[in-house]
Amino acid sequence: MNNHFFEQKDCGLQAFWSSTPQFKTARVSAHLVLPLTTPENAALYALVLNMISRATREYPDYTQFGKRLAELYGASVQPGVTRVGDNQILTLAAAGIANPYAFGGEDVQQALSEMLESILFTPLCDENGLFPEDGFLQEQRQLLETLDAEYNDKATYAMQRCVQTMFAGEPAGVPRIGTREAILNATREGVKAAWEYAVKHAQICQFTIGDGADDRFAQQLIKRLGMRDAVSIETKRHTASGDVKRVTEEMPVVQSKLVMGFAIGTTPEERLAAKLMSVVLGGTPSSKLFMNVREKQSLCYYCAARHDTPKNVMFVQSGVETKDLDRTEEAILKELNDMKKGNITDDEILFAKLAMCNSYNAVADSAASMETWYLSGMLQGKLHTPEEYAERIMNITKDEIVSAAERVTLDTVYKLKGAAK
């Protein structure tokens, strides 16, 4: 696998490409990274991404757009909006057959790159210079439907509510696609202005991965962007506020939800130890939460811990019977306190390390997972290979895990309590 990376600071671009015969497809993508500020701006940027990926001046409707993708052996273009740390990530990704496997010798990678460039810089506008009204109304409605779907998925909803409560007053507390009110109040003029700002000021992380991949799209972007003032995308690590924030909501649901947010007072150099600590606690079927809270005590349907690296926090999510909400919270805290006391077996550590190494070894199994891995490194300002992390994980000691656990502080508790229908 032939990996390359370079950064062009004067235009706010980081680029990664990997040429490998392992993938018979080509994946070309661009991630526009913008600081989260307000729900209104988050909604506008989410609408921008959906609007520009509908059509371009070159392909002004779905029919022509789809026809061109079909000509490229059934290629696809997918938009996506995520939150990483204090930033909103607007992703445009195109995937198609790799050049060596095109029957007619077509340069599919270049065609996909040109299509993404057209989407980003020459979207379809009407005679007034605005995005077409029918498309705007449709994307506005679909974004509202996305909010409805997330609300109806109670595990997702509970996690979002805990995040918003824990990070209240911080950029990470802003919903990734804004609020219902912000989406409803968005205008075509606002969306157009947001697109113009994003193109001029977003940090851009660009990827090309596949057999024969090269840096041509990155070079195209450098010429297109020129010198510009790109925004800073640093994420501030979260610190415990002191008093535990508690929110309880009641809804007519069968299964209650418990989400607990913890601040971790470790240094950036200790983040792998903090991550391993969270896996020992609740990241595998052999973890303390799974074995002791779920299996032995039968207190919950699921119970898992997840480490949020950019913010240096940990979340524990559980699905429980309403009557067991308080007992489950107590049981989770007991397992964490046991770790602080050093009550961790060698097997628990080994199984957690092997699980993490297995996930690192799987990064190279797909272009999308490689992209996710190196995008995370770009956003944190440090690129490491999965192999480097796997080696470091295996060398972390029990004392380092205990030390990380000792600096974990309960910050937020969100309960979605099932009520009688």
Side-chain angles (χ1 to χ4, degrees), residues 36 39-40 42-43 46-47 80-83 138-170 172-186 241 243-262 281-283 285 287 289-306 308 313-336 410-421:
L36 282 162
E40 290 73 23
L47 284 166
V81 182
T82 54
R83 177 192 68 83
Q138 183 176 345
E139 296 303 334
Q140 190 179 43
R141 183 175 64 253
Q142 290 183 349
L143 211 56
L144 290 170
E145 290 174 356
T146 298
L147 282 183
D148 290 338
E150 293 177 350
Y151 173 81
N152 291 329
D153 183 337
K154 296 310 180 189
T156 298
Y157 173 76
M159 183 64 192
Q160 289 176 343
R161 290 287 290 120
C162 185
V163 167
Q164 291 164 15
T165 302
M166 187 170 182
F167 298 143
E170 299 179 41
V174 176
R176 67 181 179 87
I177 60 173
T179 60
R180 176 173 293 275
E181 181 181 10
I183 295 170
L184 287 171
N185 289 336
S241 57
D243 295 333
V244 177
K245 298 182 283 288
R246 292 184 176 273
V247 175
T248 300
E249 292 185 276
E250 288 194 8
M251 291 186 186
V253 295
V254 174
Q255 185 184 119
S256 293
K257 305 296 181 185
L258 170 66
V259 186
M260 303 170 68
F262 299 84
L281 178 64
S287 67
L289 295 184
F290 189 94
M291 294 299 296
N292 299 330
V293 179
R294 183 187 186 277
E295 294 297 294
K296 292 181 180 179
Q297 299 182 64
S298 300
L299 283 175
C300 50
Y301 298 98
Y302 62 88
C303 192
R306 178 178 66 84
D308 183 318
V313 299
M314 177 176 68
F315 293 99
V316 174
Q317 296 175 265
S318 300
V320 304
E321 295 285 349
T322 301
K323 63 181 178 60
D324 292 327
L325 273 169
D326 292 339
R327 288 180 59 204
T328 302
E329 179 185 340
E330 293 171 2
I332 291 168
L333 292 176
K334 179 185 180 302
E335 295 303 322
L336 177 60
L410 180 62
D411 185 282
T412 304
V413 178
Y414 172 81
K415 294 178 181 178
L416 179 58
K417 189 175 181 180
K421 295 184 180 181

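The structure displayed is predicted, hence computed values, not measured ones. Values reported hereafter were calculated over all heavy atoms of this structure, with side chains retained and with hydrogens, waters and symmetry mates removed.
- Of the N and O atoms on the side chains of Y151 and Q160, not one donor lies less than 3.5 Å from an acceptor on the other residue.
- Residues A46 and L143 share a closest heavy-atom pair of CB-CD2, 3.9 Å.
- By the side-chain contact (heavy atoms from CB on, under 4.5 Å) test, A172 pairs with R83, D86, F167, K311, sequence neighbours left out.
- The shortest heavy-atom contact between C300 and V320 is CB-CG1, 3.4 Å.
- Heavy atoms only, all atoms of each residue included: C162 and G261 are closest at SG-N, 4.0 Å.
- When all heavy atoms of Y157 and E249 are compared, the pair lying nearest together is OH-OE1, 3.0 Å.
- In plain terms, the two heavy atoms of Q164 and P175 that are nearest each other are NE2-CG, 3.8 Å.
- A 4.5 Å side-chain heavy-atom check between D148 and R180 finds at least one atom pair inside the cut-off.
- A distance of 11.0 Å separates OG1 of T412 from CZ of R161, quoted to the nearest 0.5 Å.
- Applying the side-chain contact (heavy atoms from CB on, under 4.5 Å) rule to N292 yields the partners K288, K296, E335; only residues at least two apart in sequence or on another chain are considered.
- At a threshold of 4.5 Å between non-hydrogen side-chain atoms, the residues L325 and T248 do not count as touching.
- In terms of heavy-atom proximity, E329 sits nearest to L258 at N-CD2, 3.8 Å.
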